[in-house]
Amino acid sequence: MNSDVLVELAKTLEQRKSAPADSSYVASLHAKGLNKILEKVGEESVETIIAAKDAATSGDKSEVIYETADLWFHTLVMLSHLDIGPEAILDELARRFNLSGLEEKASRTK
Ligand SMILES: N=c1c2ncn([C@@H]3O[C@H](COP(=O)(O)OP(=O)(O)OP(=O)(O)O)[C@@H](O)[C@H]3O)c2ncn1[C@@H]1O[C@H](COP(=O)(O)O)[C@@H](O)[C@H]1O
């Protein structure tokens, strides 16, 4: 698995924050602001869910892969807009290694 892609993409997204809005899609999203970015995350979430349902019945996984890539991409733009790098999410997932989801849920205080 090539998780370097996430890190490399995040570097590009960071550079786009200071680019002119009309020079790139990511720069245009940052210029439109967080609400527009969240609208895209919501839209891509719904498209991913629909593609997953379709994949379960048709067996064709290409659309759900394509839509999940759109969703991950827009989620990375959201994180970048909030000055959060993908390392923070990867670190959090790593922290959860070998931690049972059921045990973690039972240990929550809120
Ligand atoms: N991975 C992506 C990527 N995935 C999806 N998209 C774009 O996301 C956009 C939104 O998809 P939609 O299907 O919703 O398109 P749309 O209906 O035209 O969107 P809206 O008008 O509703 O906003 C499309 O324009 C896609 O091209 C991406 N755009 C950029 N990247 C990466 O980001 C880098 C920087 O991109 P730029 O900022 O454009 O240079 C690129 O080099 C790529 O690595």
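Since the model is a prediction, treat every value here as computed from it, not as a measurement. In each ligand, atom 1 is the first atom listed, and ligand 1 is the first ligand listed. All values below were derived from every heavy atom in this structure, side-chain atoms included, with hydrogens, water molecules and symmetry-related copies excluded.
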Requested in this report: Could you note down all residue pairs passing ring-ring contact (aromatic ring centres under 6.0 Å, His included) where residues 6-29 supplies at least one of them, sequence neighbours left out?
Outcome: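 Found Y25-H74.
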Are any protein N/O atoms closer than 3.5 Å to the N/O atoms of ligand 1? If there are, list each pair with names and the distance to one decimal place.
| unit_1 | atom_1 | unit_2 | atom_2 | d |
| --- | --- | --- | --- | --- |
| ligand 1 | 14 (O) | K40 | NZ | 2.5 |
| ligand 1 | 14 (O) | E43 | OE2 | 3.4 |
| ligand 1 | 14 (O) | E44 | OE2 | 3.4 |
| ligand 1 | 19 (O) | K40 | NZ | 3.1 |
| ligand 1 | 22 (O) | K40 | NZ | 3.1 |
| ligand 1 | 23 (O) | K40 | NZ | 3.3 |
| ligand 1 | 38 (O) | R16 | NE | 3.2 |
| ligand 1 | 38 (O) | S24 | OG | 2.6 |
| ligand 1 | 38 (O) | Y25 | N | 3.4 |
| ligand 1 | 38 (O) | V26 | N | 3.0 |
| ligand 1 | 39 (O) | Y25 | N | 3.0 |
| ligand 1 | 40 (O) | R16 | NE | 3.1 |
| ligand 1 | 40 (O) | R16 | NH2 | 3.0 |

Query raised in the report: Cut-off 3.5 Å, side chains only: do D60 and S62 have a donor facing an acceptor?
Result: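 There is such a pair between these side chains.
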Query raised in the report: What's the spacing between I37 CD1 and K32 NZ if we round to 0.5 Å?
Result: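 It is 10.0 Å, given to the nearest 0.5 Å.
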Report task. Kindly check if the number of other-residue, nucleotide or ligand heavy atoms within 6.0 Å of CG (L102) is above 12? Result ->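 No, because the 6.0 Å sphere around CG of L102 holds 12 heavy atoms or fewer from other groups.
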Report task. Step by step, work out the salt bridge (charged side-chain N to carboxylate O under 4.0 Å, His left out) result for K11 and E14. Result -> CA-CA 5 Å; K11 281 184 199 161; E14 206 52 36; over 6 Å; no
Query raised in the report: Do L90 and L76 share a hydrophobic cluster (ILVMFWY, side-chain heavy atoms under 4.5 Å, transitive)?
Result: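 Yes; L76 is reachable from L90 via cluster members.
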